[in-house]
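See structure below.
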Amino acid sequence: MSSNSFAYNEQSGGGEATELGQEATSTISPSGAFGLFSSDLKKNEDLKQMLESNKDSAKLDAMKRIVGMIAKGKNASELFPAVVKNVASKNIEIKKLVYVYLVRYAEEQQDLALLSISTFQRALKDPNQLIRASALRVLSSIRVPIIVPIMMLAIKEAAADLSPYVRKNAAHAIQKLYSLDPEQKEMLIEVIEKLLKDKSILVAGSVVMAFEEVCPDRIDLIHKNYRKLCNLLVDVEEWGQVVIIHMLTRYARTQFVSPWREDDGLEDNEKSFYDSDDEQKEKTDKRKKPYTMDPDHRLLIRNTKPLLQSRNAAVVMAVAQLYWHISPKSEAGIISKSLVRLLRSNREVQYIVLQNIATMSIQRKGMFEPYLKSFYVRSTDPTMIKTLKLEILTNLANEANISTLLREFQTYVKSQDKQFAAATIQTIGRCATNISEVTDTCLSGLVCLLSNRDEIVVAESVVVIKKLLQMQPAQHGEIIKHMAKLLDSITVPVARASILWLIGENCERVPKIAPDVLRKMAKSFTSEDDLVKLQILNLGAKLYLTNSKQTKLLTQYILNLGKYDQNYDIRDRTRFIRQLIVPNEKSGALSKYAKKIFLAQKPAPLLESPFKDRDHFQLGTLSHTLNAKAAGYLELSNWPEVAPDPSVRNVEVIDLAKEWTPAGKAKNENPTKKFYSESEEEEDSSDSSSDSGSESGSESGEEDEEGDSSEDSSEDSSSEPESESGRQSDTENRRVAKRNSKTKGKGDSKDEKKENEKSKTSDSSNAESSSVEESSSDSESESESESESESRKVTKEKEKKTKQDRNRLATDVSLLDLDDFNPVSTPVALPTPALSPSLIADLEGLNLSTSSSVISVSTPVFVPMKTHVLLHRMSGKGLAAHYSFPRQPCIFGDKMVSVQITLNNTTDKKIENIHIREKKLPIGMQMHVFNPIESLEPEGSITVSMGIDFCDSTQTASFQLCTKDDCFSVNIQPPVGELLLPVAMSEKDFKKEQGMLTGMNETSATIIAAPQNFPPSVILQKVINVANAGVVPSGQDNIHRFAAKTVHSGSLMLVTVELKEGSTAQLIINTEKTVIGSVLLRELKPVLSQG
Amino acid sequence: MKMIHSLFLINCSGDIFLEKHWKSVVSQSVCDYFFEAQEKAADVENVPPVISTPHHYLISIYRDKLFFVSVIQTEVPPLFVIEFLHRVADTFQDYFGECSEAAIKDNVVIVYELLEEMLDNGFPLATESNILKELIKPPTILRSVVNSITGSSNVGDTLPTGQLSNIPWRRAGVKYTNNEAYFDVVEEIDAIIDKSGSTVFAEIQGVIDACIKLSGMPDLSLSFMNPRLLDDVSFHPCIRFKRWESERVLSFIPPDGNFRLISYRVSSQNLVAIPVYVKHSISFKENSSCGRFDVTIGPKQNMGKTIEGVTVTVHMPKVVLNMNLTPTQGSYTFDPVTKVLTWDVGKITPQKLPSLKGLVNLQSGAPKPEENPSLNIQFKIQQLAISGLKVNRLDMYGEKYKPFKGVKYVTKAGKFQVRT
């Protein structure tokens, strides 16, 4: 009674309880149906009342009882109107239960269900991502066709949501909408295409799932995302991993050539058997070309390997089947260990895994041979597991291990589980036929079993011996005699029939016994089983033909008995045999051949594994388990003869450089130039911008981009002439417009993105990658432009431009609104031809586009001089090293933090060859080391810089600092504040971003701050000292805001310090990276509170 | 892949006591195919996990006397569904302390809320217990009393961090006054010993279970004296795989509370020490209705530790009617219906080896059993990891406080079978 669902009963006393009791009994006995009906009505009545009450507790109780009814499978649909009213309830639990109810019954009550839709539509716009997500989830689960357009709209919107969790739910909703209305396919594919580009690990699994469901044949959508998926795979949640691996397996089979050589996979080339010689030769010629694996193929194989260590059996199996189907055969061996590990799991997992191993072990014995003993059977295993293990043992049997196996089989034969014992005997038979060395041993073993007490064992042995003897050139007269004797004791029909058949076949080898057997059988004919009767007839016929002297009468007697048998099969057979063997005038030409017909050489039965033909199903699938094609099974295609163009998967910039040779050279220089100008030569920025402008102007990709933006801006600039006359109002207008666009914000930028995407897809891959590159240069130039001397630069820049612009700028500057600053300064480095006549229009357009992108790196506000000891001179034998964080963007890679190392020689000798060795970095971390220093004079000091990608964690980077003679282990642990890059943004953008990063993305603390800490400059200085963040201009005196982004992932990190009454302050950090967020919070706390 | 369509929970007597549909409703009658298969299989262990019906496929698991039967419509990796169903059962176990019909019926609303969170449109959504517990609080007696008075709910109104962060297995803001990290190294010996006492097959299956109660976001690394022993390892998702590959160190940000860190296998290539030996003589006389039963158990290679918690279980042949035995130590029971003999031995003292002797009564007239039954043995050795695995040290980064650390070793018999 500890549960909530019963709480109500306790409260409301006896009446309710008896009612429940009554209802419970009535479900069991149909006689109580009448009672059930009436009580149901009554009960529903009071449920309705409870739902309509004002008290949440009553509503909740009612909902709980309703859910209880649903769970039991009882009909609660008539409560729909009463329940649906509560869909907007404030109480989360009521709301959740109403959702449960809605999803269950909306399909049946479509009209009423529509009442709830507006609530969800409202919730879709909620600032809280979890509420948006759950609204989408429920909305898409209501299977009401009429809301398809609403769903479609909601999905499209959610797919562009900033929260990856909402986007994940959008991916789920795609499948639901597709199953509700397949007509939407094309539109949904567009959404899938977009979501496939998503870089979040949350989304990856779900969108691939949607892809598999909606458009598994659109393999072209995967190309561009292939490498990304491979690289994300390890971090995706386990269920998503399974789906992605299965999809990538199919993908790989269509895009890469076979890694299987002819010599290591003969069984795969059975086709070539039929080919003519010439063709075959041609084929081998072709194959002789050295095979080199596509690097993408290798990438997939390499990146899935760690997943073999997953705790999830489904993931392990998925990787195993991937290796089986696409890796070179020499490498597939590593999966066996992991599969064997799964055998320790529960029986269901064992069952599936064993089935798959059974299929594998037929084709590639070697893989599982080392694990032979893991398949030994325990008496406690369920029978289905036992038989599967036996199957595998049989497949693995070879000359080397058969003696061990046979000893093991002996134990099994004695098992109390007779079904299993029988299966073992069959297994022994199969081993005997497969391995000729042991045929005799097996046979004699089986003969021994003939004296077993258990009839099933004996019968099975007889049947197997029969099969074995049939395969052997018959020199086993003794065994046949022994078996003939068994006829007296054995009663199992199959076994008796087998013995009779055997004697008949070999009647010439046992000439004395055969007629005697026939005599005995003739006596018992009438009481035999049909199966046995047929064999008696056969035996008679055969003996009649070979030894008619002794058996003629007997046979005729048996034929007479058969003539009047109750079974028509036997009567038929009797007639047939009589016509054939007994010569009379009517018998035709056939009887002459009677002997040939009856005593023909019969081919031996093939004893083979029931798993032999399962290999055409992809391993690990339902179809494989069932050995039948399940609905929705996707065939694994054969390897293509020639690999399709691998360049379709290219997304990197490097490839572009190759393809764009004419422009390539200039371009390669270009970024580096920009790069340096960024850190030192701000005054050159105007030059470099015009530089890059003219150069990049030659690229079609960028022209595209420009085209877009000018299109956009042309609309905006329609008010331009007006502005000539009254510039004040114009600026005003524009600013309003901008505000608007910003409040629309998301939507606008989305549209733009979409447009970009469209142009991308329509263009060739070249154009696409160029635009990718361009956007990267974009961000660089942004960071360049947001330098300290912003205003100066801006003015300088603008001087070259039109009068209008200058005017506008002037107002802007005078207003000191940073908000407008950034966007204006952005075009500085944008590749705009400096003298373009449509310059203003361009600028406008670009303004618009950049105003929505809030993350733009600025230069550090302050660089602390703090240095940390890397290597003390005492422990470094005179070599001392210190490191510090210069807070500059790293030149070695944009995900790296730059670190400056100062080396001092405190000895009186020269220290030679200082370099770094043996980097020991946690996963994902990367390090760009400084070039070895040839020598350092005594008392000399040198400063070098290096880059470390800390992956946004405060983990230590350990390495060895070495000189010519010694090595010293050192490590660098970054303070969390150095993992950031400052970001310039407006207060409004800050608030907007903060609004998106609430909930679990927010950490906060209240601190008691010393009064001397209250002046803004002090707070600023203290925060900036700890964290490399940018200052956000604030409208209020008591609130200070700082913005930064993490170096590795570029996630925003928003810090708010709000001063309150009574020397307390609230410190809030909003970030997706909750871990560093909380670490930063902890580091800031003492700093702000100390005096 | 339209994953799981519906789920039915069925008890041992064949009542469907809970159903949940994630898409359109599938009638209960689909379970008839399952009942049919169950009947054919004779015992529950042999019900095939995958059953094909004309319109659906049924994938089921059997856990704690309950069947979890899921309805599938299209191709799906069966292990995917099986693994998920077990995860559901684990969650029930975790929430209600047991996964039984009574517990599920008592908590039907929570069960429904859980199922709702765990699957969306038949595809797993949140299966991490950390996340689920933030979404839906587990029932406690206190909470249910409080809830019934105040009308408050057991649904979390704060938003779970894990779902969105890169560390889905840990929630933020964990706080403890005592910071502790305990690790249990549990090794089980799987072995088949043949009649003559020689080992047919033996290997060690180990797990390291952790109980971590640490504040904040600790980053732990656990190293071993002899990591090369571990032949095959499977990891909790929190473990950084590359670090293990390169340094053989387990580096991870742990989930909060109890969880299984790794499971591993020490291969059969290494010699496995078998800590007990069994002397047995079980014989049935021809043409007589009785037999003799004599089993003695003793310590061997136990590295000076006591072997305790010893139990011997024997499935006697069907013809055995009853047994009259005398144990020198412990007590025994024989169930004449299931024919299971259980001898609870307790601790083995090398001075006086425990034995169980006596007569076996057979059904008169029946042929004597073909095979002697095999003995399944359970035991436990404290403070010993039979493989020799040793934890070297545990380091913590990212947090400043000093946690209390502890490692416990225990060796148990796994599937330990002696053939007689």
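No experiment lies behind these values; they were computed from the predicted model shown. The analysis underlying the following values was restricted to heavy atoms, covering all of them including side chains, and did not include hydrogens, waters or symmetry mates. Numbered from 1 within each chain, the chains take letters A, B, ... in sequence-line order.
Of all the listed residues (Asp219(B), Val200(B), Ile16(B), Ile51(B)), the one sharing the greatest number of non-hydrogen pairs under 4.5 Å with chain A is Val200(B). Interface check for chain B: of the options Val103(A), Thr380(A), Val457(A), the most heavy-atom pairs under 4.5 Å are formed by Thr380(A). With chain A as partner, the option from Ser246(B), Gly398(B), Pro237(B) having the largest number of non-hydrogen pairs under 4.5 angstrom is Pro237(B). Note: Ile352(A) leads Leu308(A), Ile352(A), Val67(A) in heavy-atom pairs under 4.5 Å with chain B. When the candidates Lys629(A), Glu107(A), Arg137(A) are compared by the number of heavy-atom contacts under 4.5 Å with chain B, Arg137(A) comes out ahead. With chain A as partner, the option from Tyr397(B), Tyr57(B), Phe17(B), Trp22(B) having the largest number of non-hydrogen pairs under 4.5 angstrom is Tyr57(B). Most heavy-atom pairs under 4.5 Å with chain B, from the set His172(A), Glu237(A), His624(A), Gln321(A): that is His172(A). Ranking Met317(A), Glu238(A), Gln416(A) against chain B, the residue ahead of the rest is Gln416(A), based on heavy-atom pairs under 4.5 Å. Listed options Val1079(A), Thr411(A), Ile94(A), Thr1003(A) were ranked by heavy-atom pairs under 4.5 angstrom with chain B; first place goes to Thr411(A). Put simply, of Asp43(B), Leu18(B), Val81(B), Val249(B), the one with the most heavy-atom pairs under 4.5 Å next to chain A is Leu18(B).
A 6.0 Å sphere centred on CD of Gln419(A) holds no more than 12 heavy atoms belonging to other residues, nucleotides or ligands.
Interface remark: Glu116(B) contributes backbone and side-chain atoms alike to the contact with chain A (heavy atom separation under 4.5 Å). For Gln350(A), the part lying near chain B is the side chain, with the backbone staying farther off; criterion is any non-hydrogen pair under 4.5 Å. Of the two parts of Ile82(B), only the side chain, counted from C-beta on, holds a non-hydrogen atom closer than 4.5 Å to a non-hydrogen atom of chain A. Of the two parts of Tyr351(A), only the side chain, counted from C-beta on, holds a non-hydrogen atom closer than 4.5 Å to a non-hydrogen atom of chain B. Using a 4.5 Å cut-off between heavy atoms, Val315(A) makes no contact with chain B at all. Proximity to chain B is absent for every atom of Gln618(A), based on heavy atoms less than 4.5 angstrom apart. The parts of Phe84(B) that come within reach of chain A are both its backbone and its side chain, each placing non-hydrogen atoms under 4.5 angstrom from that chain. For Lys400(B), no part lies under 4.5 angstrom from a heavy atom of chain A. Contacts of Val377(A) with chain B are made by backbone atoms alone, with heavy-atom separations under 4.5 Å and no side-chain atom involved. At a 4.5 Å heavy-atom cutoff, Tyr99(A) makes no contact with chain B through either its backbone or its side chain. Contact annotation for Ser374(B): only side-chain heavy atoms (C-beta onward) come within less than 4.5 Å of a heavy atom of chain A. For Trp244(B), no part lies near chain A; criterion is any non-hydrogen pair under 4.5 Å. Only the side chain of Leu97(A) comes within less than 4.5 Å of a heavy atom in chain B; its backbone stays farther off. Heavy atoms of Phe235(B) lying under 4.5 Å from chain A belong to its backbone as well as its side chain. If you measure heavy-atom distances from Thr625(A) to chain B, the contacts under 4.5 Å come from the side chain alone. Residue Asp381(A) does not touch chain B at all, counting heavy-atom pairs closer than 4.5 Å. With a 4.5 Å cut-off on non-hydrogen atoms, Arg419(B) touches chain A through its side chain but not through its backbone. At a 4.5 Å heavy-atom cutoff, the contact between Asn376(B) and chain A is made by side-chain atoms alone. For Ile59(B), the part lying near chain A is the side chain, with the backbone staying farther off; criterion is any non-hydrogen pair under 4.5 Å. Within the 4.5 angstrom heavy-atom criterion, no atom of Arg260(B) approaches chain A. Both the backbone and the side chain of Ser24(B) come within contact range of chain A, judged by heavy atoms closer than 4.5 Å. In this structure, no portion of Asp235(A) lies under 4.5 Å from any heavy atom of chain B. Heavy atoms of Arg347(A) lying under 4.5 Å from chain B belong exclusively to its side chain. Neither the backbone nor the side chain of Tyr264(B) comes within contact range of chain A, judged by heavy atoms closer than 4.5 Å. Interface residue Glu19(B): backbone and side-chain heavy atoms are both found under 4.5 Å from chain A. Of the atoms belonging to Arg1082(A), it is side-chain heavy atoms, and not backbone ones, that fall under 4.5 Å from chain B. Using a 4.5 Å cut-off between heavy atoms, Arg378(A) contacts chain B through both its backbone and its side chain.
With values rounded to the nearest 0.5 angstrom, Glu128(B) atom CD is found 10.5 Å from Phe259(B) atom CZ. Within the model, atoms CE of Met209(A) and CG of Asn121(B) stand 8.0 Å from one another, a figure rounded to the nearest 0.5 Å.
Within the 3.5 Å criterion, the main-chain N or O of Lys415(B) finds a donor-acceptor partner in the side chain of Asp190(B). A distance-only check finds no donor-acceptor pair linking the side chain of Lys20(B) to the backbone of Leu115(B) [under 3.5 Å]. Side-chain atoms of Glu93(A) do not come within 3.5 Å of backbone N or O of Leu60(A) as any donor-acceptor pair. Of the possible polar contacts, none joining the Thr199(B) side chain to the Phe201(B) backbone as a donor-acceptor pair under 3.5 Å is found. Proximity of a side-chain donor or acceptor of Asn46(B) to a complementary backbone N or O of Met384(A) within less than 3.5 Å is detected.
Checked against a 6.0 Å centroid threshold, the rings of Phe80(B) and Trp239(A) count as neighbours.
Side chains of Tyr412(A) and Lys386(A) form no contact here, defined as non-hydrogen atoms less than 4.5 Å apart.
For the pair Lys176(A) and Glu213(A), the salt-bridge criterion is not met [side-chain N within less than 4.0 Å of a carboxylate O]. We find that Asp120(B) and Lys168(A) are not joined by a salt bridge, their nearest charged nitrogen and carboxylate oxygen being 4.0 Å or further apart. With salt bridges taken as basic N to acidic carboxylate O contacts below 4.0 Å, one links Glu188(B) and Arg344(A).
Using bins of under 30°, 30° to 60° and over 60° for the plane-to-plane angle, the ring pair Phe8(B)/His21(B) lands in the perpendicular bin.
In summary, the side chains of Ser623(A) and Thr621(A) do not present any donor paired with an acceptor at a separation below 3.5 Å, with no hydrogens or angles considered. A side-chain donor-acceptor contact under 3.5 Å links Ser163(A) and Gln129(A). For the residue pair Arg311(A) and Ser234(B), no side-chain donor N or O sits within less than 3.5 Å of a side-chain acceptor on the partner. Residues Lys23(B) and Ser179(A) bring no donor and acceptor atom of their side chains to less than 3.5 Å of each other. Counting only N and O atoms by type, the side chains of Ser263(B) and Gln205(B) include no donor and acceptor under 3.5 Å apart.
Shortest non-hydrogen contact noted between Leu626(A) and Ser52(B) is CD2-CB, 3.8 Å.
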Run the side-chain hydrogen bond (donor to acceptor under 3.5 Å, both in side chains) check on His86(B) and Glu348(A) step by step: do they pass?
-> CA-CA 10 Å; His86(B) 276 289; Glu348(A) 294 88 7; 3.0 Å; yes
